[in-house]
Amino acid sequence: VQLQASGGGLVQAGGSLRLSCAASGRTFSSYAMGWFRQAPGKEREFVAAISYSGGVTKYADSVKGRFIISRDNAKNTVYLQMNSLKPEDTAVYYCAAQGPLQAGTDKYDYWGQGTQVTVSS
């Protein structure tokens, strides 16, 4: 599975961005998908995840109520709608795919290249 993240950019605090992650290769609908982020000088952290069918979602407490993860299996794409952005959301955002064998773990099999999100105050 190859993953290509896009949609990052510079936005003012309180604004919105939508990230996309396009997948190619093996059957996209077989994979749970996740978004992670890494700010300068910090470790990578979990942001959100969605099950292979889209029926189950999970969020980090820091983004709950502001971010929405969704997927379109017909387009092999997962999205992260980010609203009410804060300067502390500034980071490189990565999408990742989790195969069935990793279900229930925090391990992901494939990673995209990352897209920069910068939120100005």
Side-chain angles (χ1 to χ4, degrees):
V1 175
Q2 291 83 43
L3 302 174
Q4 180 74 36
S6 62
L10 174 64
V11 64
Q12 288 188 334
S16 299
L17 279 175
R18 188 176 81 156
L19 305 183
S20 299
C21 176
S24 61
R26 298 189 178 182
T27 307
F28 175 72
S29 60
S30 298
Y31 290 81
M33 298 296 295
W35 285 97
F36 294 77
R37 66 187 181 186
Q38 187 167 19
K42 295 187 177 181
E43 293 189 353
R44 185 175 64 197
E45 65 175 358
F46 168 79
V47 175
I50 189 167
S51 63
Y52 68 94
S53 67
V56 179
T57 57
K58 180 181 177 181
Y59 297 92
D61 288 343
S62 60
V63 306
K64 201 172 293 183
R66 299 189 298 123
F67 291 10
I68 301 172
I69 188 171
S70 62
R71 66 189 297 160
D72 185 339
N73 286 345
K75 296 183 177 180
N76 284 6
T77 302
V78 62
Y79 304 97
L80 185 68
Q81 177 67 44
M82 305 186 295
N83 302 319
S84 302
L85 282 161
K86 304 175 181 180
E88 52 263 44
D89 294 319
T90 295
V92 177
Y93 284 71
Y94 299 89
C95 59
Q98 183 186 66
L101 293 180
Q102 306 291 358
T105 75
D106 59 356
K107 298 180 180 179
Y108 284 74
D109 299 288
Y110 304 99
W111 293 83
Q113 87 291 358
T115 184
Q116 176 71 46
V117 171
T118 303
V119 184
S120 62
S121 57

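Computed from a predicted structure; not experimentally measured.
The shortest side-chain heavy-atom distance between Val1 and Phe28 does not fall under the 4.5 Å cut-off. Looking only at side-chain heavy atoms (C-beta outward), Leu3 and Met33 come within less than 4.5 Å of each other. The shortest distance between side-chain heavy atoms of Trp35 and Met82 does not fall below 4.5 Å. Between Cys21 and Val78 there is a side-chain heavy-atom pair separated by less than 4.5 Å. Put simply, the side chain of Arg66 does not reach to within 4.5 Å of the side chain of Tyr59, judged on heavy atoms. A 4.5 Å side-chain heavy-atom check between Lys75 and Ser20 finds every atom pair outside the cut-off. Within the 4.5 Å cutoff, side-chain heavy atoms of Arg37 are placed close to those of Val63.
The ring-ring contact (aromatic ring centres under 6.0 Å, His included) test applied to Phe46 returns Phe36, not counting sequence neighbours. With sequence neighbours excluded, the residues forming a side chain to side chain donor-acceptor pair (under 3.5 Å) with Thr118 are Gln116, listed by chain and number.
Neither Ile50 nor Tyr52 shares a network with the other; the hydrophobic side chains, linked directly or stepwise wherever heavy atoms of I, L, V, M, F, W or Y lie under 4.5 Å apart, form separate groups for each. The cluster map of Ile, Leu, Val, Met, Phe, Trp and Tyr, joined by side-chain heavy atoms under 4.5 Å apart, puts Ile69 and Tyr108 in different clusters. Neither Tyr79 nor Phe67 shares a network with the other; the hydrophobic side chains, linked directly or stepwise wherever heavy atoms of I, L, V, M, F, W or Y lie under 4.5 Å apart, form separate groups for each. Under the 4.5 Å side-chain heavy-atom criterion for ILVMFWY residues, a single connected hydrophobic cluster contains both Tyr93 and Val11.
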Practice problem: Give the intermediate values and the outcome of side chain to side chain contact (heavy atoms under 4.5 Å, CB included) for residues Arg71 and Asn73. | Solution: CA-CA 6 Å; Arg71 66 189 297 160; Asn73 286 345; 2.7 Å; yes
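Residue pairs meeting the disulfide bond (SG atoms under 2.5 Å apart) criterion with at least one partner in residues 46-85, sequence neighbours excluded, do not occur; the list is empty.
Gln4 places no side-chain N or O within 3.5 Å of a backbone atom of Ser24 that could act as its donor or acceptor partner.
Taking both residues in full, the closest heavy atoms of Gln98 and Thr105 are given as NE2-O, 3.0 Å, listed atom of the first, atom of the second, then distance.
Atom NZ of Lys64 has more than 12 neighbouring heavy atoms from other residues, nucleotides or ligands inside a 6.0 Å radius.
Salt bridge status for Asp89 with Lys86: absent, with no side-chain N to carboxylate O gap under 4.0 Å.
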